[in-house]
S.K.: 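One structure coming up, written as structure tokens, with questions to follow.
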Amino acid sequence: MRIVIQRVKQASVTVWDENMPQDSEKAGRIVGQIAAGLCVLVGVTHEDGVEQIEKIARKICELKLLRDVNHEDIPANRRSVVDAAAEVLLVSQFTLYADVKKGKKPSWSHAAPGELARPIFDQLAAAIRARGVKVETGEFGAMMDVQLINDGPFTILFEC
């Protein structure tokens, strides 16, 4: 599993109705929205399972990435999502496993197919919720707009 963790002031995911033009206000609906916390892009590969789910859930919940109680960004005083009672927005993103080493077109062979990736993504969301964290998600497999205000910017890549 490969994730991109972004510390955010706010974030949301809008899903678009395929039958409506994207410039239409009626076409999009917000499916996930958080205040301050973490926006996490999640890529799943073929070998992922329970071990990866637990390790990633623990990292997301326990890494000391958020500002302190005075909203200062002092590394020694940073808090975890659990410490800060912050929220997490999880967004599935198979493109994190793009291979662009050869040619002009990305290969997606390292990304797990939807029927394998979706249950793992859902189990990751459940594992984070089980730690008492509010989790919002995008819509698996949909065309989505992810909007966020990156706090810092503060972005971390992690893979297990």
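Along the sequence shown, residues are numbered consecutively beginning with 1. Just so you know, these numbers come straight off a predicted model, no measurement behind them.
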S.K.: Rounded to the nearest 0.5 Å, what's the gap from CD on Q93 to CZ on R2? Could you check?
M.R.: 11.5 Å

S.K.: In terms of hydrophobic clustering (I, L, V, M, F, W, Y; side-chain heavy atoms under 4.5 Å; direct or indirect links), are L63 and L90 co-clustered?
M.R.: yes

S.K.: Would a 4.5 Å heavy-atom cut-off, applied to side chains only, mark V4 and V40 as touching?
M.R.: no

S.K.: Side chains of V42 and L124: closer than 4.5 Å at any heavy-atom pair?
M.R.: yes

S.K.: Minimum heavy-atom separation for G37 and L66, please, with both atom names.
M.R.: O-CD2, 3.8 Å

S.K.: Just jot down the side-chain hydrogen bond (donor to acceptor under 3.5 Å, both in side chains) partners of N150, sequence neighbours excluded, or say none.
M.R.: Q6, T155

S.K.: Please set out all donor-acceptor pairs under 3.5 angstrom arising from side-chain atoms of residues 104-119, sequence neighbours excluded.
M.R.:
unit_1: S107; atom_1: OG; unit_2: S109; atom_2: N; d: 3.3
unit_1: S107; atom_1: OG; unit_2: S109; atom_2: OG; d: 3.3

S.K.: For residues 141-160, pull every pair meeting ring-ring contact (aromatic ring centres under 6.0 Å, His included), keeping only residues two or more places apart or in separate chains.
M.R.: none

S.K.: With sequence neighbours left out, write down each residue that passes salt bridge (Lys or Arg N to Asp or Glu O under 4.0 Å) with D48, or none if nothing qualifies.
M.R.: none

S.K.: Would you mind reporting whether L38 and L65 have side-chain heavy atoms less than 4.5 Å apart?
M.R.: yes

S.K.: Just grab all the salt bridge (Lys or Arg N to Asp or Glu O under 4.0 Å) pairs involving residues 69-84, residues at least two apart or on different chains.
M.R.: R7-D73, K64-D83, D73-R78

S.K.: What distance separates I56 CD1 from E51 CD, expressed to the nearest 0.5 Å?
M.R.: 11.0 Å

S.K.: Would you tabulate the side-chain donor-acceptor contacts of residues 126-144 under 3.5 Å, counting partners in other chains and residues two or more places apart, or write 'none'?
M.R.:
unit_1: R129; atom_1: NH2; unit_2: V135; atom_2: O; d: 3.1
unit_1: R131; atom_1: NH1; unit_2: A127; atom_2: O; d: 3.0
unit_1: R131; atom_1: NH2; unit_2: E54; atom_2: OE1; d: 3.3
unit_1: K134; atom_1: NZ; unit_2: E87; atom_2: OE2; d: 3.1
unit_1: E139; atom_1: OE1; unit_2: R29; atom_2: NH1; d: 3.2
unit_1: E139; atom_1: OE1; unit_2: R29; atom_2: NH2; d: 3.0

